[in-house]
Number of protein chains: 2
Amino acid sequence: MNTFSEENYLKAIFRLSQMPDNKKISTSAIAEALGNNPASVVDMIRKLTDKQLIEYDKKKGVKLTPQGQKDAIQIVRKHRLWEVFLLEKLEYRWDEIHDIAEELEHIKYHDLADRLEKFLGFPEYDPHGDPIPKANGKMAKSFSASLADGKVGGSYRVAAVRDTSSEFLKYLHKLQINIGTQIKIIEQIAFDHSLIISIDNGEATTVSSKFGENILIS
Amino acid sequence: MNTFSEENYLKAIFRLSQMPDNKKISTSAIAEALGNNPASVVDMIRKLTDKQLIEYDKKKGVKLTPQGQKDAIQIVRKHRLWEVFLLEKLEYRWDEIHDIAEELEHIKYHDLADRLEKFLGFPEYDPHGDPIPKANGKMAKSFSASLADGKVGGSYRVAAVRDTSSEFLKYLHKLQINIGTQIKIIEQIAFDHSLIISIDNGEATTVSSKFGENILIS
DNA sequence: TTATAAAATTAGGTTTGCCTAATTTTATAA
DNA sequence: TTATAAAATTAGGCAAACCTAATTTTATAA
Ligand SMILES: [Mn+2]
Ligand SMILES: [Mn+2]
Ligand SMILES: [Mn+2]
Ligand SMILES: [Mn+2]
């Protein structure tokens, strides 16, 4: 069984390995992701390598072994299921659930994820639009096209958010954007790629390119 | 904020202070309750004393301060609410829920216990018959009379169990005894205080005095 | 190619929460 | 009262998971 900390490392490595950019997973990238010092990451890389959960090659960076991948997916599964619980059953807000799930995901008990999944009615996606892995580890592909990739004049459904920070989610809340919201791109500013959009056919609003990159569409 | 370990100590001290026997709470009693070494308990007594959560007097033993009491009750509250969730919503068995709640009780987030309580419909008792503290810290008195205190010929309702170990609960399950079950004392054996009982008017069964002491009646 | 910057690693520390073994204090019983 | 047993404490250590500071390796740019 893995410790809380080991699980957080596995999850971070998994998340990095899912990135579309396909960059190698470096010591510093992991440190950055977890807010830890690179020296600490070196310690943990050694530990997880010994446990055969990752492989490390200074050229290719860190890679999850099949077992590491399996373990990581089970944590992601629990994280996302708990998020659904917190939003739907306990009525927490969109921007609050992530932090709580960050702790709940580490609770280990036979069948816990499966029972939770059943209780929640086998949800396919978590409240941020991320797919929930099944018990067998299979999971739907994440949404990858962002609003920033959309065409001017096009109208898109918000399928997921890339950034799940509470700052971003609070901003979305303020703009009344949720999963399922329809966004039309009215104009793109050539200068800095800002977008002028209409939210659910409302009045024109301007958002940054960074904003657009963090909205995933279907 | 208190660590997991500090919380477990506070809870153990609280539990010991609730005992009807009114014995002083000694280093060794705490060690016993937590399965730790007395030397470790001495360390933690120092730490909790520094944090002003307990007071220690070698004569009178350990006592929770008002703040320590408050903190302990909030953990008990979460523990018991999570137990209700696990039994009622996730359909875990009586004997499985305690261990999971032992971990869930440490999850900290604004309002978590209150929201859980609301979601569960403000339950008064946990699945073992223990009263659930309210948000303000108030809680009903625990049941204290045991079946062993009952009269021959008397019929009693099982209100709670004193021992919540999975061994005891599995035994109860086998005997088909639950909270609410009616037990009639047919005879008490003078030799060792064994009890001959009838469960929900079923056929006579013999149980030990230790068994009788761990069934609380209302 | 060489200087510089960035990334990775090593060396050595800290805190938390445990432990064992030895010692001291306190209780109990002859 | 004194011997013995039990309880509490001290001393010293260990593993986990971090850290800072120093050093080494690798990448990049002039
Ligand atoms: Mn986590
Ligand atoms: Mn999520
Ligand atoms: Mn606990
Ligand atoms: Mn209980």
Provide, to the nearest angstrom, the distance between the CZ atom belonging to R46(A) and the C1' atom belonging to dT9(C). 8 Å
Assign F4(B) to base, sugar-phosphate, or nothing according to its heavy-atom contacts below 4.0 angstrom with the strands shown. nothing
Less than 4.0 angstrom between a side-chain N/O of S28(A) and OP1 or OP2 of dA8(C), yes or no? yes
Please report the distance, rounded to the nearest Å, between NZ in K59(A) and P in dT25(D). 14 Å
Of H106(A), E105(A), E7(A), which is the lone residue that meets side-chain hydrogen bond (donor to acceptor under 3.5 Å, both in side chains) with H79(A)? E105(A)
Give the rounded distance in Å between these two atoms: CD1 of I45(A) and P of dA7(C). 14 Å
Rounded to whole Å, please give me the gap between CD1 in I30(B) and P in dA7(D). 14 Å
Row check, F119(B) ring normal vs K89(B) NZ/CZ: under 6.0 Å, within 45°: yes
From the candidates dT9(C), dA21(C), dG17(C), the one with an atom nearest any side-chain atom of A39(B) is dA21(C)
Parallel, tilted or perpendicular for Y109(B) and Y92(A), by the 30°/60° rule? perpendicular
Residue mapping more 5' on DNA chain D - nearest nucleotide basis, K58(A) or K47(A): K47(A)
Taking NZ, NE, NH1 and NH2 as the nitrogens, is one of them in R77(A) or E117(A) under 4.0 Å from a carboxylate oxygen of the other? yes
Look at the side-chain N and O atoms of N36(B) and state whether any lies under 4.0 Å from the OP1 or OP2 oxygen of dG17(C). no
If the threshold is 4.0 Å, N to carboxylate O, is there a salt bridge linking E6(A) and K47(A)? yes
dT9(D) phosphate, OP1 or OP2: any side-chain N/O from T27(B) under 4.0 angstrom? yes
CG of N2(A) versus C1' of dA15(D): gap in Å, rounded? 17 Å
Are S40(B) and dC19(C) close enough that a side-chain N or O sits under 4.0 Å from OP1 or OP2? yes
Between P38(A) and P38(B), name the one whose nearest nucleotide on DNA chain D is closer to the 5' end. P38(B)
Whole-Å distance between dA16(D) P and N8(A) CG? 17 Å
Name the nucleic acid region contacted by Y56(B), choosing base, sugar-phosphate or nothing; use a 4.0 angstrom heavy-atom cut-off, strictly under. sugar-phosphate
Could you give the CG-to-C1' distance, from N37(A) to dT20(D), as a whole number of Å? 7 Å
Using whole Å, report how far NZ of K23(A) lies from P of dA7(C). 10 Å
Do any side-chain nitrogens or oxygens of S5(B) fall under 4.0 Å of OP1 or OP2 in dT16(C)? no
